[in-house]
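Chain letters run A, B, ... following the sequence lines, proteins first and then strands; every chain starts at 1. Predicted model, so just to flag it, every value in this text is computed and none were measured.
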Amino acid sequence: MDIKEFKKIEKKWQKRWKDMELYKTPEKPKKKCFLLEMYAYPSGDIHLGHFRNYILGDVVWRYKAMNGFQILHPFGWDAFGLPAEQAAITNKESPLKWTMDNIAKSKETLERLGISYDWKREVATCDPEYYKWTQWLFKKLYEHGLCYREKTFVNWCPDCKTVLANEQVIQGRCWRCDTAVTKKETEQWFIRITNYAERLLLGLDKLEEWPENLKTIQRNWIGRSEGSEIVFKLEKGNIDLPVFTTRSDTIYGVTFIVIAPEHKILREILPQMKKREEVEKYINTSLMKTEIERTDVTREKDGIFTGLYAINPFSDERVEIWTADYVLSTYGTGIVMGVPGHDQRDFEFAQKYHIPIKVVINPPGGELRVEEMEQAYTEPGVMVNSGPFSGVDSTSGIEKTIEYMEEKGLGKRKVTYKIRDWLISRQRYWGAPIPMIHCDKCGIVPVPEHELPVLLPEESKVDFVPKGRSPLADVGEFYNTECPKCKGKAHRDVDTIDTFLDSSWYYLRYLSPHDNDEIFKKEEAEKWLPVDLYIGGIEHAAGHLIYYRFITKFLYDIGLVPSDEPTIKMFNHGMVLDEHGDVMSKSKGNVISPRELIDKDGVDIARVALLFFAPPAREILWQNKGFKGARRFLTRIYTLVKKYLKDYSGMDANALQKKEYEFYRSIEETIRDVTVDIERMDFNTAIASLMELLNRMYTFDKKDIPIFQYAIRKFNLLLAPFAPHLLEELYSWYGKSESIFYETWPSYDENAIKKEEVTIVIQINGKVRSRIVVPANREVDEVKRIALEEEKIKKYTAGKKIKNFIYVKDKLLNIVL
RNA sequence: GCCGGAGUGGCGGAAUAGGUAGACGCGACGGACUCAAAAUCCGUUGGGUGUUUCACCUGUGGGGGUUCGAUUCCCUUCUCCGGCACCA
């Protein structure tokens, strides 16, 4: 079959489907399915990775449709973000136009790919009708005390000239431009996601249909750690120096404490220091360092003694106060107690600076001697030199010291998380403006709801070249405003919202994308939520998918959504790599565009090839050759149907001859296998089963009898989700006028699958020596008797004593000699 | 360093409540069709040995174990990929 024929069919059906509104979301779903794939960032055109993701969803749509589901299958655009602005800076293009052109192009490609989206529900986050509600959501978070402004040291990308959330720093580098991230002290907006840390963690246990590795990434990211906060006191002056520790059993071994260089307390106590200038110098050098330099594990730790002392609340001992940049200001209390005897980092630090080392835990049955120690002893043991706790087992010592400190008011039990509050303001133009107003008199005042959206100023008035402050700061008509409270002079917040807030709730806007009065209709939420299946890449595990869960929990708490988890089943597809296993990228010049593929082979062939290459969860190494198999397969079915399709008015399975009945059985088995495989998203093996059946159809010699027509018809239904255009065409050849996707998915004949004859493997000592064909369901004795009469078996058993028989019914007999 | 995932023919990959390893496809080889080639159709195809329409040996990264029987379970080790990485 000519490729042109495929393309003609493709065009024909894409048009018909559009005309008949095949993908339209039903108003009143009886059996609902909310099917979601991650929306796309419109940078140029859809790429092969997207294509793979979207055909996975498309197969599910078609399968579910044939199983009687009413489906919501929407699509949209993650349309705000830096690349658009970058295009504006480098090519003097309008960010809006750049974005809209890319959306148009990508959308056209998606339509040509025949993906089953209900385009009536399309959303784009840069649309004021959309970002109005992003701003509304920001305000809601603010109203519920989950949004606050704070001046602190934050991640700063010197290239993008904006701050970054923790999730956007990948191994010390900016997620977008790969520049080493530095620290900068500024005032920023944060969202208190840490309030939800515990629930985000516990919720994972209930997500049974989420991949285990994805949940592990989230667990690690949340990083729950149980311990206690112990309050050391500054020796002079009534200042608290709380430390967080998981090892309160080592409290008597503290010989110093370390404060993070950017810690506020350090600045407070600075005036008391004799060596103030040196300490200030150290602090400044630390702050100059990049994230990579500071977190380099191989680097030797350094620090400086402040000259001040603190008091250990357990022992009343005086300990040195140091500052060192290996201590992170954003974790725990930003102050760490140094126990060199029992923590390797503290040990190295103490050795370098000649700080005393104390043994307070002895190994079971042993005794440590400081002079002989070459490293810290970090294992459990017996507490010694620990006042009232001496002799206590160190594991239970943790609990006992906590009880003690709570009783005496020296500290308290504490759970700490690695996850940080979400830094959400960005010093860039192309995003949703933060809907807040700063008034000298009234402070921070939210923009009233009826004034939303706060529109981005026109592009012609904006200078996009980054200056380290938001471009909006220099647009007078945007900046200057009136305070909603006192009506006095005020100014707008000039930052824009992190695009991860846009994407945290986009799935909800699909529920009622054109509603101007509400973020989404509650009754629509009741109808469709939660998402039944969400398909996207694993790279979003510790970013988008955490925010997505978090915002859902928040909206659940304020009564807007019926479930506190957004998605029942999550599926991560693998990446599409080039033939050498490298990521496809423009700079490498190894990009293959979906358009290129479908121009050459047509959509159905490209779909089958991509689906057949590997299981969807695994990565694909691109192979041009692989397409040949898909092309052959689809051509073969086309040719066969064209040649042999006839009228068909049913067939009687019971009247079939033996060979025909076996053919019938193989059809029924294929129905079962394909169904099971699709349910498990094992699309590659589903297609393999269909290939097997097709091979059998080719070699089946009576192509003029009803059973063959039966095979054709079942085959068409089973293949339809994978190659929809072609199968729709073949279906129309039966004289059907409706779409094949209104057909019912075939069920199979249970009785036919039960075999009346089985092949039993005969093993001698676990090695296959022969096979016998017997009627199904035979007992061991009968099989034994037949097996022992086999010539091949006799050869082995002659003169030997048989020790044992292992029989697995209908499968195997193992004779143990 | 810690936590995940994976190692199966020339290649992509099947098969794990332990039970015929290599489904299906690519490639290769042989045959049919053809003046010829392509396409198509029909076969063969893990490696090895032999007396080569058949028989045996060997084989799922390496080593060991449990078992009548291990790609599957356990221990150990190597390699690759991914996540986190001074988190106190």
Side-chain angles (χ1 to χ4, degrees), chain A residues 1-2 170-172 211-221 223-225 227 243-247 250 257-258 294-299 301 324-328 330-339 342-346 348-349 416-420 538-539 541-542 575 577 579 581 608-609 612-615 617-630 632-633 635-636 639 673 682 684-695 698-699 759-771 792 795 803-809 811-817:
Chain A
M1 178 188 175
D2 196 349
I170 313 292
Q171 302 195 326
E212 208 46 57
N213 61 329
L214 168 49
K215 289 193 276 184
T216 306
I217 292 172
Q218 293 211 345
R219 282 193 188 101
N220 292 342
W221 189 260
R224 186 181 197 272
S225 180
V243 301
F244 173 74
T245 180
T246 55
R247 292 293 305 272
T250 64
I257 66 170
V258 190
R294 269 190 71 171
T295 56
D296 178 11
V297 194
T298 56
R299 168 181 79 110
K301 293 167 200 17
D325 61 14
Y326 77 89
V327 173
L328 307 170
T330 45
Y331 182 75
T333 61
I335 311 176
V336 165
M337 65 185 208
V339 187
H342 306 289
D343 182 288
Q344 190 55 28
R345 291 160 303 185
D346 298 344
E348 284 161 22
F349 195 77
T416 302
Y417 302 89
K418 245 178 66 177
I419 192 170
R420 310 289 151 86
I538 186 81
E539 67 273 18
M575 291 202 290
L577 305 171
E579 58 225 316
V608 170
F612 184 68
F613 270 141
R618 242 202 263 184
E619 65 189 21
I620 287 178
L621 297 189
W622 187 253
Q623 291 182 105
N624 277 322
K625 278 189 278 183
F627 264 69
K628 226 173 175 172
R632 236 173 235 163
F633 174 55
T635 307
R636 269 160 73 86
T639 312
D673 294 348
D682 287 336
N684 58 327
T685 49
I687 292 172
S689 299
L690 287 164
M691 286 173 168
E692 269 182 276
L693 179 58
L694 185 62
N695 290 342
Y698 259 77
T699 46
T759 304
I760 291 184
V761 170
I762 312 297
Q763 296 184 332
I764 307 280
N765 289 336
K767 283 187 180 170
V768 181
R769 296 302 181 186
S770 184
R771 293 176 173 85
K792 284 184 204 160
K795 211 170 73 190
K803 285 193 203 142
N804 198 8
F805 290 95
I806 311 280
Y807 180 58
V808 183
K809 193 178 261 180
K811 273 198 173 161
L812 163 148
L813 178 77
N814 188 8
I815 302 166
V816 187
L817 297 176

TODO: For each nucleotide in nucleotides 1-15 of chain B, reading 5' to 3', give B when a protein heavy atom comes within less than 4.0 Å of its base, S when such contact involves only the sugar-phosphate, and - otherwise.
DONE: --SS------SBSS-
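- If you check every strand for non-hydrogen atoms under 4.0 Å, Lys418(A) touches a base.
- Considering only side-chain N and O atoms, Asn695(A) lies under 4.0 angstrom from the phosphate OP1 or OP2 of G25(B).
- Ring geometry for Trp622(A) against Phe627(A) counts as tilted: the plane angle lies between 30° and 60°, on a 0 to 90° scale.
- Which of C86(B), A88(B), G19(B) sits closest to the side chain of Ile806(A) comes down to G19(B).
- Between Arg632(A) and G27(B) there is a side-chain polar atom (N or O) within less than 4.0 angstrom of OP1 or OP2.
- Here the P atom of nucleotide U67(B) and the CD atom of Gln763(A) are 17 Å apart, to the nearest Å.
- When the C1' atom of G69(B) is taken as reference, atom CG of Asn765(A) falls 10 Å away, rounded to whole Å.
- Remark: Thr639(A) is not in phosphate contact with U40(B), judged by side-chain N or O atoms under 4.0 Å from OP1 or OP2.
- For C42(B), the OP1/OP2 oxygens have no side-chain nitrogen or oxygen of Tyr698(A) closer than 4.0 Å.
- Shown here, A38(B) forms no base pair; nothing in the strands shown gives a Watson-Crick or G-U wobble contact with both key distances under 3.5 Å.
- Out of A23(B), A88(B), G19(B), the shortest distance to the side chain of Tyr331(A) is found at A88(B).
- Within the structure, every side-chain polar atom (N or O) of Arg771(A) is placed at least 4.0 Å from both OP1 and OP2 of G19(B).
- Among the nucleotides C24(B), A88(B), U20(B), the one closest to any side-chain atom of Thr246(A) is A88(B).
- Nucleic acid contact class of Arg636(A) (heavy atoms, under 4.0 Å, all strands): sugar-phosphate only.
- Within the 3.5 Å criterion, the main-chain N or O of Thr685(A) finds no donor-acceptor partner in the side chain of Asp682(A).
- For the pair Val336(A) and Leu812(A), nearest-nucleotide mapping onto RNA chain B gives the more 5' position to Leu812(A).
- Thr330(A) comes within 4.0 angstrom of nothing in the nucleic acid, heavy atoms only.
- Contact annotation for Ile217(A): backbone-only contact, meaning every heavy-atom pair under 4.0 Å involves sugar-phosphate atoms and none involves a base.
- Listed nucleotides: A88(B), U20(B), C86(B). Nearest to the side chain of Asp343(A): A88(B).
- Along RNA chain B, the nucleotide nearest Thr759(A) and the nucleotide nearest Gly766(A) are compared for position; the residue whose nucleotide lies closer to the 5' end is Thr759(A).
- For Asn814(A), whose side chain is taken as the heavy atoms from C-beta onward, the closest listed nucleotide among C24(B), A88(B), G69(B) is G69(B).
- Of the listed nucleotides (U20(B), G25(B), G19(B)), U20(B) has the atom at the smallest distance from the side chain of Val768(A).
- Here Asp346(A) lies out of heavy-atom contact (under 4.0 Å) with every strand.
- Base contact: Val327(A) has a heavy atom under 4.0 Å from a base atom.
- Closest to the side chain of Ser225(A), from the set A88(B), U20(B), G43(B), is A88(B).
- Residue-level contact check: Val816(A) touches the backbone only, with heavy atoms under 4.0 Å from sugar-phosphate atoms and none from bases.
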Distances under 3.5 Å between nitrogen or oxygen atoms of protein and nucleotides 49-57 of chain B:
{"unit_1": "C56(B)", "atom_1": "OP1", "unit_2": "Tyr796(A)", "atom_2": "OH", "d": "2.6"}
{"unit_1": "C57(B)", "atom_1": "OP1", "unit_2": "Arg769(A)", "atom_2": "NH2", "d": "3.2"}
{"unit_1": "C57(B)", "atom_1": "OP2", "unit_2": "Arg769(A)", "atom_2": "NH1", "d": "3.0"}

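- Of the possible polar contacts, one joining the Tyr698(A) side chain to the Arg636(A) backbone as a donor-acceptor pair under 3.5 Å is found.
- Taking the centre of each ring, Phe612(A) and Phe633(A) stay at or above the 6.0 Å mark.
- In this structure, CH2 of Trp221(A) is placed 6 Å from P of C84(B), rounded to the nearest angstrom.
- Judged by Watson-Crick or G-U wobble contacts below 3.5 Å, the nucleotide C80(B) has G5(B) as its partner.
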Open item on the list: Please evaluate residues Arg247(A) and Asp346(A) with respect to the criterion salt bridge (charged side-chain N to carboxylate O under 4.0 Å, His left out), reporting the C-alpha separation (whole Å), side-chain torsions for both, the decisive distance (0.1 Å), and the verdict.
Closed with: CA-CA 13 Å; Arg247(A) 292 293 305 272; Asp346(A) 298 344; over 6 Å; no
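- Here A39(B) presents its P atom at 18 Å from CZ of Phe627(A), a figure rounded to the nearest Å.
- In this structure, Arg618(A) CZ and Ile620(A) CD1 are separated by 11.0 Å, a value rounded to the nearest 0.5 Å.
- In this entry the distance linking OH of Tyr326(A) with P of A85(B) reads 19 Å, nearest Å.
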Report all interatomic pairs (protein N or O, nucleotide N or O of nucleotides 59-61 of chain B) with separations under 3.5 Å.
none

